[in-house]
Amino acid sequence: MSTFRAIVFASVISGFIVGLLVTVVQQFGTVPLILKAEVYEKSAETRQNEAQATAQPAAAGHDHADHDHAAHDHGDHVHGAGDHDHGSAWEPRDGFERNAYTAAANVLTAIGFALLLAGFFAMRSGATGAGVSWHEGLLWGLAGFAVFTLAPGLGLPPELPGVPAAPLLSRQIWWLTAVLATAGGLALIVFRRTVPAAISGVILLTLPHLIGAPDLANIETNVPSSLTHQFVTAVTVTSLVFWTLLGGLTSAVFARFDRGAPA
């Protein structure tokens with residue numbers, strides 16, 4: 001029971017702290033880049049809507065005047081009703097509301113991953129009979145960074161709004177494959193410590209990248225490539241901060257609440 005309490009308390013406390021800290025880091029790193037990309041995205045949408053509005057009267061000019069007038073009235077009516085019923089998807093307002101939703105998502109994500117880490121810490125403590133130190137937790141955090149950010153990011157780098165991407169399902173399948181293969185490869189190399197296991201681990205680590213991530217043949221976007229590169233760097237650094245803090249803090253709090261851990 002004490003171990004279960006340590007898992008829950010360590011996950012909630014460390015996840016809450018790390019989630020809020022990462023939200024602050026994002027305000028200076030990724031958020032400004034996303035806002036810049038959204039300006040390019042809205043500009044492209046505006047030009048596309050203007051082009052469509054210009055093309056519609058030209059296409060309608062081939063019909064008779066009376067039919068054109070009726071179709072114009074009917075089209076305006078339906079278009080207005082469609083805008084009312086099927087408007088753009090809801091999104092939080094800029095400012096406090098958007099930051100609050102971002103913070104909540106970060107906290108929940110951090111708590112979820114902290115539960116995963118604390119569960120591993122509990123198994124390690126039960127198997128070895130010793131507590132988990134903060135620097136061992138830091139190594140676990142770096143492993144989480146490699147599994148969930150570094151390896152998938154090599155094939156599917158983070159994307160800004162307005163940048164087209166491959167179909168979602170194919171990207172999700174490849175991302176999950178990369179995560180599982182990386183986790184399995186690292187586990188074989190670190191825990192088995194035999195030559196066959198090491199070879200198998202290296203094969204697992206490289207297999208998703210040999211297969212290749214889904215990608216588009218032609219990518220047309222008005223978002224500058226320099227902005228995309230800055231975003232990839234900012235997301236990677238933010239994720240590194242997230243995982244190192246989460247690993248070290250979760251292990252420290254877990255050792256504090258676990259009765260079997262040394263003081």
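- Note: Phe191 and Trp140 have tilted aromatic rings, judged against thresholds of 30 and 60 degrees for the angle between ring planes.
- Residues Thr23 and Ala103 approach most closely at OG1-CA, 3.4 Å, considering heavy atoms.
- Distance check: Ile34 CD1 to Thr102 OG1 gives 8.0 Å after rounding to the nearest 0.5 Å.
- Taking Thr206 as the reference, nothing meets the side-chain hydrogen bond (donor to acceptor under 3.5 Å, both in side chains) condition, with sequence neighbours excluded.
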* To do: Could you please spell out the steps behind the side chain to side chain contact (heavy atoms under 4.5 Å, CB included) verdict for Ser200 and Leu204?
  => CA-CA 6 Å; Ser200 300; Leu204 277 177; 5.8 Å; no
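- In this structure, Ser11 contributes its side chain and Leu115 its backbone to a donor-acceptor pair below 3.5 Å.
- Screening residues 176-203 for salt bridge (Lys or Arg N to Asp or Glu O under 4.0 Å) gives no qualifying pairs among residues at least two apart or on separate chains.
- Under the side chain to side chain contact (heavy atoms under 4.5 Å, CB included) criterion, Ala234 pairs with Thr30, Leu33, not counting sequence neighbours.
- Placement of Leu245 and Leu150 within a single hydrophobic cluster is found when ILVMFWY residues are connected by side-chain heavy-atom separations under 4.5 Å, directly or transitively.
- Taken to the nearest 0.5 Å, the CG atom of Leu138 stands 9.5 Å off from the NE2 atom of His135.
- Every pair passing salt bridge (Lys or Arg N to Asp or Glu O under 4.0 Å) that includes a residue from residues 161-177 is listed here, sequence neighbours excluded: Glu159-Arg171.
- Between the CG atom in Leu116 and the CD1 atom in Ile7 there is a gap of 11.0 Å [rounded to 0.5 Å].
- Between Phe148 and Val179, the shortest heavy-atom contact is CE2-CG1, 3.8 Å.
- Tracing side-chain contacts under 4.5 Å through hydrophobic residues (I, L, V, M, F, W, Y), one never reaches Val31 starting from Phe231; they form parts of separate clusters.
- Applying the ring pair (Phe, Tyr, Trp, His ring centres under 6.0 Å) definition to pairs two or more places apart or across chains, those involving residues 160-188 are Trp174-His209.
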* Let me see the working for Ile189 and Leu205 under side chain to side chain contact (heavy atoms under 4.5 Å, CB included), right down to the final yes or no. => CA-CA 10 Å; Ile189 295 173; Leu205 290 175; 3.8 Å; yes
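- When side chains are defined from C-beta on, Tyr40 does not count as touching Thr221, because their heavy atoms never get closer than 4.5 Å.
- Between Val223 and Leu160, the shortest heavy-atom distance links the atoms CG1-CD1, 4.1 Å.
- Checked against side-chain hydrogen bond (donor to acceptor under 3.5 Å, both in side chains), Gln26 has the following partners two or more places apart in sequence or in another chain: Asn106.
- Nearest heavy atoms, Ala197 versus Leu188: O-CB, 3.6 Å.
- When all heavy atoms of Ser251 and Gly248 are compared, the pair lying nearest together is OG-O, 2.8 Å.
- Checked against ring pair (Phe, Tyr, Trp, His ring centres under 6.0 Å), Phe145 has no partners two or more places apart in sequence or in another chain.
- Nearest heavy-atom pair across Phe9 and Val253 is O-CG1, 4.3 Å.
- Between the side chain of Thr244 and the backbone N or O of Val241, at least one donor-acceptor pair lies under 3.5 Å.
- Connection of Trp134 to Ile17 is not established within any shared hydrophobic cluster, with ILVMFWY side chains joined at heavy-atom distances below 4.5 Å, either directly or through further cluster members.
- Applying the side chain to side chain contact (heavy atoms under 4.5 Å, CB included) criterion to Ala104, with sequence neighbours excluded, gives no partner residue.
- No side-chain heavy atom of Phe16 sits less than 4.5 Å from a side-chain heavy atom of Leu108.
- For Ile173, the side chain to side chain contact (heavy atoms under 4.5 Å, CB included) test picks out Leu169, Thr177, with sequence neighbours left out.
- For Ser14, the side-chain hydrogen bond (donor to acceptor under 3.5 Å, both in side chains) criterion is met by Thr250, not counting sequence neighbours.
- The 12-atom threshold is not exceeded at CZ of Phe28, counting heavy atoms of other residues, nucleotides or ligands nearer than 6.0 Å.
- Membership of the apolar cluster around Ile199 extends to Val195, Ile203, as traced through chained side-chain contacts below 4.5 Å between ILVMFWY residues.
- Among residues two or more places apart in sequence or in another chain, the side-chain hydrogen bond (donor to acceptor under 3.5 Å, both in side chains) test is passed with Glu38 by Arg98.
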* Asked: What's the verdict on side chain to side chain contact (heavy atoms under 4.5 Å, CB included) for Leu21 and Phe242, showing C-alpha distance, side-chain angles and the deciding distance?
  -> CA-CA 8 Å; Leu21 289 177; Phe242 172 87; over 6 Å; no
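- Hydrophobic clustering (ILVMFWY, side-chain heavy atoms < 4.5 Å, transitive): Val25 and Leu142 are in distinct clusters.
- The same ILVMFWY cluster, assembled from side-chain heavy atoms under 4.5 Å apart, contains both Met123 and Val190.
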* Report the C-alpha separation of Leu117 and Trp243 in whole Å, then their side-chain angles, then the decisive distance to 0.1 Å, and conclude whether the side chain to side chain contact (heavy atoms under 4.5 Å, CB included) test is met. => CA-CA 10 Å; Leu117 289 173; Trp243 279 106; 4.2 Å; yes
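- A distance of 6.5 Å separates CG in Leu227 from NZ in Lys36, rounded to the nearest 0.5 Å.
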